[in-house]
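Worksheet: one structure, shown below.
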Amino acid sequence: MTTPRFGVVTDGGLDVYPTLHNDVPVAPFAVNFGSTTYRMTEITREELYRQLQTNPTHPTSAQPTPQDWMSAMQAPGTPEVLAVTTSAGLSGSHNSADQARQLLAGPGAPRVTLHDSGTLSAALAFQVHAAVTAAERGLGIEQAREWMRAVHAETELYFTIETLEYLRRGGRIGRVQAAVGGLLNLKPVVMVDKAAGTYTNAARARSYRGAIQALTEQVTRRFGEGTPLRVGLLFGDHPEDADAALAQLAARHPIVWSDRTGVNPVLSVHVGPRALGVAAAPGAWPWER
């Protein structure tokens with residue numbers, strides 16, 4: 001294998017897919033229940049869901065500290081590091097990474113390039129995969145960033161949730177609430193706006209099952225029926241939701257790659273126990289065409 005010219009690191013906004021190149025050092029987010037703090041590596045999804053139902057204190061999430069980022073940036077042991085962050089429109093992680101980059105500057109420290117993914121979760125996983133692929137082929141950071149920008153441009157991330165309550169409590173509801181008219185009985189289909197890197201509403205439905213259908217219809221509307229797709233699925237405490245979404249998509253598209261993973265504990269703070277997400281992109285990866 002070619003010796004990588006740079007290492008890739010990211011933050012806890014990543015949801016990891018076993019069949020993608022997602023095994024990279026991570027600057028972890030944290031979950032706070034009042035005065036009790038768990039780094040995302042210290043609490044399981046199952047424990048988080050239990051606490052969401054039983055703990056009277058609603059949790060908040062905290063971005064990685066500059067020290068967390070410094071540890072991640074030093075982990076690859078390479079002269080150059082590409083740090084891929086969750087959208088600056090959704091998290092302060094990018095700013096924290098920039099502070100870490102400045103603190104690391106000096107003799108013997110890696111040269112750090114920051115890249116704002118403009119997204120998170122499964123769509124961030126696609127970009128990390130692109131970056132690691134470039135590194136493993138012995139290519140440079142600029143080629144990796146070119147591939148990541150191409151992946152970002154063609155990838156759409158949608159999710160739906162059983163209740164808006166967790167987005168509301170976490171203060172993340174913004175344009176989503178405005179789009180559904182504040183009616184909490186409606187189920188939104190949310191997407192990440194490409195220009196702003198923030199959440200916006202794509203559709204809505206009167207039931208959660210209907211929202212899953214509306215989500216997959218949004219994917220088809222975006223890419224056109226019959227277009228081959230790569231599909232990264234996300235689920236909360238109901239894995240069968242991902243199976244249902246994949247079956248609906250497979251009825252209208254050839255699926256050239258798919259995988260599924262559970263929403264990580266920190267992101268689950270904002271969406272709650274039952275959620276479904278889909279990152280979709282057309283055809284082969286940009287570097288395979």
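Just so you know, these numbers come straight off a predicted model, no measurement behind them.
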Heavy-atom check, side chain of [X] versus side chain of [Y], under 4.5 Å:
X    : Y    : answer
L52  : P59  : yes
S121 : F159 : no
D259 : L20  : no
L48  : F33  : yes
D116 : S87  : yes
S96  : P66  : yes
M148 : L82  : yes
V271 : Y166 : no

Hey, is the main chain of [Y] close enough, under 3.5 Å, to the side chain of [X] for a donor-acceptor pair?
X    : Y    : result
K187 : E162 : yes
N201 : A203 : yes
R5   : I141 : no
S117 : T85  : yes
W69  : D11  : no
T155 : V151 : yes
N264 : L14  : yes
T160 : P188 : yes

With sequence neighbours left out, what residues match [X] under salt bridge (charged side-chain N to carboxylate O under 4.0 Å, His left out)?
X    : result
D23  : none
R50  : E47
R101 : D98
R230 : E154

Specify the closest pair of heavy atoms between [X] and [Y], including all atoms of both residues, with the distance to one decimal.
X   : Y   : value
A97 : M73 : O-CE, 3.4 Å
V8  : V24 : O-CB, 3.4 Å
A88 : H94 : CB-CB, 4.1 Å

**Request:** Dump the intermediate steps for side chain to side chain contact (heavy atoms under 4.5 Å, CB included) on L120 and Y199, then the final yes or no.
**Result:** CA-CA 11 Å; L120 77 167; Y199 298 140; 3.6 Å; yes
Who passes side-chain contact (heavy atoms from CB on, under 4.5 Å) against [X], sequence neighbours left out?
X    : value
A205 : A211
N95  : Q99
E156 : Y158, M191, K194, R222, F223
I255 : L229, V231, L246, L249, A250, H253, S258

**Asked** What pairs of residues pass the ring pair (Phe, Tyr, Trp, His ring centres under 6.0 Å) test when at least one of them lies in residues 114-149, not counting sequence neighbours?
**Response**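 Passing the test, one end in residues 114-149: H21-H129, F126-W257, F126-W285, H129-W285, H129-W287, W147-W287.
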**Request:** Scan for salt bridge (Lys or Arg N to Asp or Glu O under 4.0 Å) pairs involving residues 79-93, sequence neighbours excluded, and state none if there are none.
**Result:** E80-R111
**Prompt:** Which pairs pass salt bridge (Lys or Arg N to Asp or Glu O under 4.0 Å) with one or both residues in residues 55-71, sequence neighbours excluded?
**Reply:** R39-D68
**Request:** Start with the C-alpha gap between Q63 and T86, add the side-chain angles, then the distance that decides, and say whether side chain to side chain contact (heavy atoms under 4.5 Å, CB included) holds.
**Result:** CA-CA 10 Å; Q63 68 201 41; T86 292; over 6 Å; no
Between [X] and [Y], does any side-chain donor sit less than 3.5 Å from a side-chain acceptor?
X    : Y    : value
H152 : T119 : no
T216 : R252 : yes
T261 : D15  : no

**R206, CZ atom: more than 12 neighbouring heavy atoms under 6.0 Å** =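 Result for CZ/R206: open.
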**Request:** Just do the side chain to side chain contact (heavy atoms under 4.5 Å, CB included) check on V278 and L215 with the steps written out, would you?
**Result:** CA-CA 8 Å; V278 173; L215 185 156; 3.6 Å; yes
Side-chain polar contacts of residues 233-241 - donor-acceptor pairs under 3.5 angstrom, sequence neighbours left out - could you list them?
| residue | atom | partner | partner atom | Å |
| --- | --- | --- | --- | --- |
| D241 | OD1 | R274 | NH2 | 2.9 |
| D241 | OD2 | Y208 | OH | 3.0 |
| D241 | OD2 | R274 | NE | 3.1 |

